[in-house]
Amino acid sequence: MVLPPLSLDRTAGSLSRQLYDGLRVAILAGQFRVGTRMPSTRALAASLDVSRNTVHQAFEQLILEGLLEGRQGAGTFVAEMPRGIPIGPGAGELSEPRGRRLLSQQGRAIRDVAAKWPEPIQLPGESRGRAFGMGAPADLFPTSVWRRLLGQCWDALSRARGLGRAEHEPLREAIAEHLGTTRGVRCTPDQVIVVSGSQQGIALTATVLLDPDDSVWVEDPGYFGAHTAFVGWGARVVPVAVDDEGLSVEVGQRRAADAKLAHVTPTHQFPLGKTMPLRRRAELLAWAQAADAWILEEDYDSEFRYSGAPLAALQGIDPNQRVIYLGSFSKSMYSGLRMAYLVVPRDLAPAFRAARQVVGGPPPVLEQAVVARFLSEGHLDRHLRRMRRVYAQRQRCLAESVGEQLDGLLRVEPDETGMHLVGWLRAGVSAEEVCRRAAAEGLELLPLSSYRARAGPEGVLLGFSEVDERALRHGVSLLRKALV
Ligand SMILES: Cc1ncc(COP(=O)(O)O)c(C=O)c1O
């Protein structure tokens, strides 16, 4: 037989892979008739100046895929292929999508709502370590403890053949204990569902409790991650105005009295920072009970309280088991850990566990075990005590610097909780424009409007947790350039 020219590039990786690709494309393109005998591996190797093994490996792969067939004692032949099966081109080439390619209604909805998320801020390369990002600082995390625990947990789990997919019981116990003492959450470990981040917790809640087209109250302004998860589930998202006491139950009832769920951040409203007082909490709980609805309580940064005692979680004061509590280790440890926890009413726990199974099960058991020891051995409490001191100082520094350097241009109010402040702009100043100009100075600033469904006073979010006081002061001086 005459082979098509096969050019092998000795500098471009595996030769057998290149030979396989070349033959595959030729066979699929119909360049050989069915039943054609291939040259022997010896002859082909000699003509291409490669080893016999290289040819053998390429043939083996083509036989495995059914493009060639080996006949005992007779050689290797081009196999019979069903005609009319369109098979794509060789490796390295991408075929063009063809035909009607319809997304589901929910696929379209989630794509469209995600397109409205704030653009990731593109900072100049040398800007690392500049203000005003919203994450936890990596350099203050007790990495030596973490490394030691990782090693020990790996050894213990692998000895016990425990590295497979599993829920780690000691972690659920440690979380239940931690939330009981710090947040007044009342639960047993079987109500704790460990998930891969808050976002997954919100999505699971939607899966288990909402039907498509059910109405959901979300705070306005509020966390767009929640908004997207509900839209993605096909729910009807109803933005409900936030006042000084958090989500307005009265407005919610006016806009959608039949809502099936309310997503709230009562400890520290995201992003405005208000705390929901007891009176409003009671009102919300009463609505949920009367409407057969649920409350998803997000307690995303309650660990960082700088004065006074926090109000206990809604979950702990609800007599009717209507609250799904959601907390995350993203702020208290680091966000790349991707670990959060739901505390669900006991009767809902099996459904939540099954829903989590559908999206991949619990997070990796090694990290679950490390976090369990981090909690039960007191490392988390120690880390939080330290971070509260650090963040309180950083917040004070930010507020003072803004007062000194940006008087009349930007106004901030101190906050008893959290890792960011809202910077209020003068009337008529565009927050988007300020953020764009700040990015050119290397500052990571987000406009409040990104979190709003309806227009309102303009402001920017100033994270103060990530960088030290010197960088914050410098950040404020750079911010001045974006404001004048
Ligand atoms: C309101 C709110 N919830 C949750 C999170 C964290 O989400 P995750 O646990 O998915 O990292 C954030 C992070 O900024 C947040 O602002």
Side-chain angles (χ1 to χ4, degrees), residues 114 117-118 120-121 132-138 141 171 175 179 183 192-206 216-230 232 237 239-240 242 246-247 261-276 295-305 313-315 324-343 356 359-360 362-364 367-368 371 380 387 391 415 417-422 444-448 450-453 459-466:
W117 280 31
I121 301 167
F132 298 100
M134 308 258 287
F141 191 69
L171 177 59
I175 291 173
L179 294 178
R183 301 296 304 117
V192 177
I193 315 278
V194 180
V195 290
S196 303
S198 307
Q199 199 62 39
Q200 192 183 59
I202 299 168
L204 285 187
T205 305
V216 178
W217 295 354
V218 298
E219 296 169 328
D220 182 17
Y223 182 48
F224 51 70
H227 187 122
T228 315
F230 295 128
V237 173
V240 175
V242 166
L247 177 130
L261 186 132
H263 172 264
V264 284
T265 49
T267 308
H268 187 232
Q269 199 277 326
F270 187 86
L272 296 183
K274 307 290 182 195
T275 299
M276 187 181 278
I295 298 168
L296 176 54
E297 173 181 29
E298 238 204 283
D299 212 19
Y300 65 102
D301 68 355
S302 61
E303 294 87 353
F304 302 110
R305 172 108 191 153
L314 264 181
Q315 194 273 0
I324 289 86
Y325 176 93
L326 174 59
S328 171
F329 292 122
S330 281
K331 308 272 187 196
S332 55
M333 295 197 205
Y334 63 95
S335 67
L337 180 60
R338 305 312 306 137
M339 208 184 290
Y341 36 91
L342 290 157
V343 177
R356 183 186 56 183
V359 292
E367 275 78 1
Q368 289 186 65
V371 174
L380 180 65
M387 297 320 294
Y391 291 164
D415 196 340
T417 309
M419 298 160 83
H420 74 274
L421 293 178
V422 180
E444 215 175 320
L445 216 60
L446 282 171
L448 194 52
S450 304
Y451 302 89
R452 285 193 194 282
V460 292
L461 300 195
L462 301 163
F464 56 76
S465 59
E466 229 176 44

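Start at 1 and go down the list; that is how both ligands and their atoms are numbered.
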By side chain to side chain donor-acceptor pair (under 3.5 Å), Asp301 pairs with (sequence neighbours left out) His268

Those residues with a heavy-atom separation under 4.0 Å from ligand 1 are Gly197, Ser198, Gln199, Tyr223, Phe270, Glu298, Tyr300, Ser328, Ser330, Lys331, Arg338

By salt bridge (charged side-chain N to carboxylate O under 4.0 Å, His left out), Lys331 pairs with (sequence neighbours left out) none

**Prompt:** Using 30° and 60° as the class limits, which term best fits the ring planes of Tyr341 and Tyr325: parallel, tilted or perpendicular?
**Reply:** parallel

Check your understanding: Between Tyr451 and Phe224, is a ring pair (Phe, Tyr, Trp, His ring centres under 6.0 Å) present by the stated rule, with each step listed?
Key -> CA-CA 6 Å; Tyr451 302 89; Phe224 51 70; 5.1 Å; yes

- Is there a donor-acceptor contact under 3.5 Å from the side chain of Gln199 to the main chain of Gly225? yes

For Arg338, the salt bridge (charged side-chain N to carboxylate O under 4.0 Å, His left out) test, sequence neighbours excluded, returns none

